[in-house]
Amino acid sequence: MLYQKLGGAALSKTLYIVPRQDVAEEILQEVFIKLWNKKVQFESLRQAYSWVYRACTNAAIDFLRKKANQTAELLEEVHEVDDAGVSPIDQASLKQLLGGLLKELNDDESSYFIYHHVEGMTQNEIAEVLGVSRRTVVRLQQRVQAKLEKFRGR
Amino acid sequence: MDKHTPIENSSLFQDHLTILGLDDQAGDLSPRQLKEKERMEELVLPPLTLPESKSVWQTVWQWLLTPAGGSAALAAVAALFVAITVPLKVEDETGLKFKGTYRVNLYFERQGEVRPLEEKVTLSDGDKVGATVIAAEKSVAFWMVTDDQLKVLSDSDEVVESRITLEPGVRQSFKSSFELVAPNEGEFLVVVVCPLKVVSDVADKVVEFVDLDQALLSKLSQGNKVDQAGCHMMGRRLRVRGTP
């Protein structure tokens with residue numbers, strides 16, 4: 001039931017980051033099977049979606065890391081903003097991540113970069129999805145910002 | 001590059017919550033949200049193939065048939081034999097004897113003075129909390145802090161960096177202490193000790209190996225020590241939100 005309700009949104013979100021249908025579908029399977037195996041209990045559907053959203057992001061980052069050496073191929077596959085210009089994610093930031101920034105950031109930092117810079121989430125939203133306090137998100141932001149400045153300074 | 005400014009000031013996450021009807025926002029979807037909703041509806045969800053459920057006994061039996069499972073079962077029987085025939089006592093380097101698998105002692109530092117963290121102590125901003133751990137067998141230990149809603153306050157780097165390796169019977173302190181700062185978030189400390197034989201394959205990633213989900217944290221916050229996946233966990237409320 002959760003799969004039917006949340007699967008479409010989760011697949012859409014994953015496809016923005018991992019521009020390959022087969023990989024995104026595999027990630028979706030992996031996430032919902034993990035959910036099934038862990039028998040996670042949620043207080044609300046919103047909480048369930050936060051969990052799924054985070055799990056999809058983490059799996060997408062894992063895939064991108066494994067493909068880090070095939071950056072050129074990935075960059076070509078990233079969907080271009082359509083003519084109407086209503087992509088909900090920042091393509092340029094995603095390309096920056098794929099263009100080498102991913103190597104500089106650890107898993108938490110990569111997640112933060114995707115949530116804030118690519119998907120435009122606020123600190124409160126990031127805290128909700130990560131299940132941490134806003135203070136932790138602020139510290140994560142500071143670390144990412146420092147690494148971003150160093151990366152851009154090259 | 002300029003800071004990303006989301007179109008219409010909403011994130012993809014927020015858009016999804018609105019489309020799925022999971023937020024408090026009422027009203028029509030924005031043009032971008034409508035487009036995203038169309039995209040979601042056009043995507044074909046592949047069928048979900050769930051693993052077959054096994055009974056607990058099937059799972060245990062299959063585990064026992066593996067080399068690791070069989071060895072662990074034999075080790076458990078041997079340990080039980082030893083425990084019955086020989087009292088389990090370990091001396092640490094200060095000559096204090098303790099029984100049992102592990103012990104965690106908490107202390108706090110205030111204005112340069114270090115004292116045991118007894119139940120009656122009220123902690124406040126600026127106090128630093130530390131812990132020592134002693135275990136009967138070679139183990140790894142780490143710690144983290146949550147707020148009173150059991151949301152983790154420590155970031156993952158801090159938790160990984162806290163990790164220490166314990167030699168049998170040798171008391172050791174965590175390298176860093178946790179300083180309490182404003183605001184008072186009802187901080188709750190969790191210490192995890194894993195025998196190295198349990199986590200030897202994943203010792204480098206022991207923090208990820210131990211699954212501290214909300215249910216487990218909730219049990220710990222009720223004052224229970226918990227054993228899970230061969231690791232031992234204890235929790236301690238450091239302060240109560242709303243108190244000075």
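Values in this document were obtained by computation on a predicted structure and should not be read as measured data. Just so we're on the same page: letters track the sequence lines, and every chain starts at 1.
Here salt bridge (Lys or Arg N to Asp or Glu O under 4.0 Å) pairs that include residues 4-19 of chain A, with residues two or more places apart or in two chains, are Lys13(A)-Glu119(A). Under the salt bridge (Lys or Arg N to Asp or Glu O under 4.0 Å) criterion, the residue pairs touching residues 173-193 of chain B are Arg135(A)-Glu185(B), Glu187(B)-Arg239(B), with sequence neighbours excluded.
Annotation: side chain of Leu17(B) is not in contact with side chain of Tyr53(A) (no heavy-atom distance under 4.5 Å). For the pair Leu153(B)/Val132(A), no side-chain contact is recorded, criterion being any heavy-atom separation below 4.5 Å from C-beta on. Put simply, the side chain of Leu15(A) reaches to within 4.5 Å of the side chain of Leu43(B), judged on heavy atoms.
A donor-acceptor contact shorter than 3.5 Å links the side chain of Arg39(B) to the backbone of Ser12(A).
The choice from Leu28(A), Thr122(A), Val129(A), Leu6(A) that makes the most heavy-atom pairs within less than 4.5 Å of chain B is Val129(A). Top candidate by heavy-atom pairs under 4.5 Å with chain B, chosen from Arg143(A), Gln29(A), Glu25(A), Gln21(A), is Gln29(A).
Both the backbone and the side chain of Ser50(A) come within contact range of chain B, judged by heavy atoms closer than 4.5 Å. At a 4.5 Å heavy-atom cutoff, the contact between Leu45(A) and chain B is made by backbone and side-chain atoms alike. Residue contact with chain B, scored on non-hydrogen atoms closer than 4.5 Å, involves the backbone and the side chain of Arg46(A) alike.
Residue Glu109(B) qualifies as enclosed at atom CD: its count of foreign heavy atoms under 6.0 Å is above 12.
The six-membered or imidazole ring of Tyr115(A) lies away from that of Phe13(B), with a centre-to-centre distance of 6.0 Å or more.
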